[in-house]
Amino acid sequence: MNYFELFALPVSFRIDESALLRSYLQKQSSVHPDVAGAESGESSLLNSAYKTLADPAERAKHFLEVRGKKVDLPASEFAAEMFDLREKYESLVSPREREEFRLKLSERFSDLTRILYDLEDNADEFAKYYGLLRFIRSFLDKFNVYCGN
Amino acid sequence: MFIAGIDLGTTASVISCVKDGVPTAISVGGHTVTPSAVNYSEERPLVGRKALYKFDSDRTVLSVKRFTGANVKFCGRSPVEVSADILFYLKKNAEESLGMPMKSAVITVPAHFSDSQRTAVKQAASVAGIKVLRLINEPTAAAVAFGLDKRKEGIFGVYDFGGGTFDFSVLRLTGNGIFQVLATGGDNRLGGDDLDDAILEYNLRLCGLDADCIGENEKKNGRMTAKFLKEISGSSPEVQADYFRRGKKYEFKLSRAIIEELSRNLLQRTMNIAEQVISDSGVEKLNGVVAIGGMTRLKVVKDAMRRRFNCRIFDEINPEEAVSLGAAAYADSLIKKSGNLLLIDVVPLTLGIETFGGGIDKIIYRNTPIPIVEKREYTTGKDNQTGMTFHVVQGERPLAEECRSLAKFELSGIPPMPAGRARVVVEFSADVNGLLNVRAFEKRTGVEQTITVDPSSGLSREEMTSILQKASEKLSEDSLVKRNINLKIESERMIGFWEAVLDKLPPVERKNAETETANLKEALKKENYEDAINYKKNLEAIFSPFWDDIISSRLSGRSIGEIGQ
């Protein structure tokens, strides 16, 4: 399933977010079960597709899939950076250190997203950087500690 | 015939419908807001003000919503039955008031209510003879009332601080009737009742009374006095009220400084949740925050909101009726299929499957728009394994045992084949009510098992009540035996796992773990379950600082075939 086509968008990592939202809401308002009746298959497909394209990491993965590129582990040239991050993460003590580290990670995440914008036409390089992006995201998720119940 | 929107609240409930195109709260016994109180001193339950005016705290149930989905009894009744009595009262009186029968209803629930709590609300409605058109989330319903009224467009927060629960949601309003929830979160043990308790404790201390020596009844009366003080606290710098206990009169008082002090911690918790939800939603700026729920009437709460949220606070809508009015508007739109209104809501809490080692494989993440279907593929971990057990859990904690358990089921009849060959697909689908269905099947053979986590039924009130009663009686009888069996199965599974990863521990912990494992095995052999529980807890404590790393190294290949074995 090509989610870009589903929303009539060009197959590109560099997505027009407002066009995506417009297309999603417009389609949802004709197939959502509350409008169209009980059947919810199309509506949940739209939700999966929207969620995938709205998130840079998921979008990068889908972009690679559509391009027929297999996603591997992060390339070895990033091993040093990954090793440093892991070591840094394990040595964090104070909340301030944790917050600083989290900010650094999220800056790096944004950097990588920008790098991916320019690598669209080079699937191999794109896949390499995507691997690192994924790694950074998994660290960021560790900081997302839920405070409700 | 009319279609209702019902807000079944912790302290108060409201029923509304659309009259001449305008959502309107229906007067029930002369008031639009009915206290969620039920008194069981007479043959028929008394609901609302009549229950409160009995001043019979022994046989009056208050704030039953806090126990939705829990296995407890009040005056011999389950929370489902008590909630059903409130719903039945609202329905009957609304029908009398409007002079026509009620066809069906949209009922609201706190946004972060789990699957089992939502199911309990549906059951209560069915016991009360109400056909549920949809369950919708309270902050979403309030946003509908707000957005419809003002034709608003933009990104708004909804700060819903009620008697027993707190919710915060971030929504996108398009101005043409689409309400897209971006993120939501909350706490169902955080509400105005907690402030009442704090005010009561403070005053008991002040009067030289020991809170531990005060009976439940006297406490209930004290709580009512505390609630009264809270409600009038904005009227002057210090308010007083009399509290009678065993014929003696005490004076309770509450000053602005004290209410600020007593509410600080509660308000901080609401703000932490709000910040988390805003960060989850990914938006940078809110166009405004809508204040709803009885607590937002308090000056101390409004002040805190103004300080914390860097945007306009909308508090002009009636915070007690808004949820019900929004539900009525949506009910009307659903029935007419007009397409004037569309709510796109989200899953409030992550849904997943317990993995080998007690972790969670997250399948539907919180804040995923609904409806949604997600699949995962698992395989067998042993040769000729013919069954797999799945434990469905909901929550954000890293360990399955800390989350809410929704269902356990087994896929059996897998034909014998070498480990890793079977391809078992587990499919989670969350519907528009936020209710979950789970399906598991083996791809090669088509062996299938479906679990409807939402048991909908069209039973009569009597049938439903007796079924529920029998079920809860049986549950308490079986629970000890069940606990021991589970303990045994789980311990054996965990021992295997613990022994396999012992080498991941530092020397001291490793030594302790070895000793405790031997103790646990011995205790299980001798069927000494109370000791076994302690040894198991010790082991969990020893391993817990190292869980993250152990689990992530174990799960990296995602072959979690031995789940629950």
Side-chain angles (χ1 to χ4, degrees), chain A residues 1 17-18 20-58 73-74 86-87 89-90 92 99 102-103 106 109-110 134-135 137-149, chain B residues 112 114 133-134 136 166-168 172 174 176-178 180 184-190 269 272-277 279-280 282 330 333-334 337-344 346 348-350 362 365-374 395-398 404 429-432 548-549 552 556:
Chain A
M1 187 76 202
E17 285 177 22
S18 62
L20 170 66
L21 177 66
R22 238 184 352 261
S23 176
Y24 165 68
L25 292 179
Q26 192 217 329
K27 284 178 181 295
Q28 200 60 281
S29 53
S30 63
V31 305
H32 192 278
D34 285 354
V35 183
E39 191 54 50
S40 66
E42 260 185 278
S43 181
S44 54
L45 175 65
L46 283 176
N47 281 335
S48 293
Y50 175 69
K51 201 171 53 92
T52 303
L53 294 191
D55 175 66
E58 292 296 319
L73 291 170
R86 191 179 284 278
E87 222 171 37
Y89 176 76
E90 274 158 16
L92 297 175
E99 182 55 19
R102 193 188 63 80
L103 283 175
S106 82
F109 187 85
S110 308
R134 194 93 227 168
F135 180 81
R137 166 58 72 83
S138 70
F139 264 110
L140 275 170
D141 287 345
K142 286 187 199 246
F143 287 92
N144 195 350
V145 179
Y146 192 70
C147 57
N149 71 336
Chain B
H112 62 276
S114 71
L133 213 49
R134 273 283 303 276
I136 63 174
F166 174 75
D167 271 333
F168 190 86
R172 177 184 282 122
T174 61
N176 61 358
I178 301 180
Q180 183 194 10
T184 192
D187 191 329
N188 57 3
R189 297 230 142 246
L190 174 58
R269 281 164 66 197
N272 289 347
I273 292 169
E275 260 166 36
Q276 163 116 48
V277 173
S279 134
D280 280 357
Y330 203 58
S333 158
L334 277 177
K337 292 254 178 294
S338 58
N340 284 343
L341 270 180
L342 177 60
L343 303 185
I344 304 174
V346 297
L349 297 159
T350 300
K362 296 179 175 182
Y365 284 80
R366 73 168 190 272
N367 296 324
T368 299
I370 47 178
I372 192 89
V373 180
E374 299 277 5
E396 309 305 320
R397 310 283 310 161
R404 189 181 286 263
S429 42
D431 71 7
V432 282
D548 261 4
D549 288 344
S552 60
S556 51

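Chain letters run A, B, ... following the sequence lines, proteins first, then strands; residues in each count from 1.
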Between [X] and chain A, with a heavy-atom cut-off of 4.5 Å, which part of the residue counts as in contact: side chain, backbone, both or neither?
X	result
B:R404	neither
B:I370	backbone
B:E275	neither
B:T174	side chain
B:Y330	side chain
B:V432	side chain
B:I372	both

Going through the checks in order, is the side chain to side chain contact (heavy atoms under 4.5 Å, CB included) test met by A:S48 and B:V373? CA-CA 8 Å; A:S48 293; B:V373 180; over 6 Å; no
Quick one, A:L21 with B:R172, criterion side chain to side chain contact (heavy atoms under 4.5 Å, CB included). Give me CA distance, side-chain angles, the key distance, then yes/no. CA-CA 11 Å; A:L21 177 66; B:R172 177 184 282 122; 3.1 Å; yes
Among the options A:S138, A:A54, A:S44, pick out the one with the most heavy-atom pairs lying under 4.5 Å from chain B.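 Greatest number of close heavy-atom pairs with chain B: A:S44.
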Are there over 12 heavy-atom neighbours, none belonging to A:Q26, within less than 6.0 Å of that residue's CD?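 12 or below, so no.
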Might you confirm whether atom CD of A:E58 has over 12 heavy atoms from other residues, nucleotides or ligands at distances under 6.0 Å?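 Counting neighbours around CD of A:E58, more than 12 heavy atoms of other residues, nucleotides or ligands fall under 6.0 Å, so yes.
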Could you measure the distance from the [atom1] atom of [X] to the [atom2] atom of [Y]? Nearest 0.5 Å is fine.
X	Y	atom1	atom2	value
A:D34	B:R134	CG	CZ	4.0 Å
A:S43	B:I344	OG	CD1	7.5 Å
B:L342	A:S30	CG	OG	10.0 Å

Under 3.5 Å, is there a donor-acceptor pair between the side chain of A:N47 and the main chain of B:P371?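 Yes, A:N47 side chain to B:P371 backbone: donor-acceptor pair under 3.5 Å.
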Can B:L343 and A:H32 be said to form a side chain to side chain contact (heavy atoms under 4.5 Å, CB included), step by step? CA-CA 9 Å; B:L343 303 185; A:H32 192 278; over 6 Å; no
Could you tell me if the side chain of B:Y365 sits less than 4.5 Å from the side chain of A:K51, heavy atoms only?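 Answer no - side chains too far apart.
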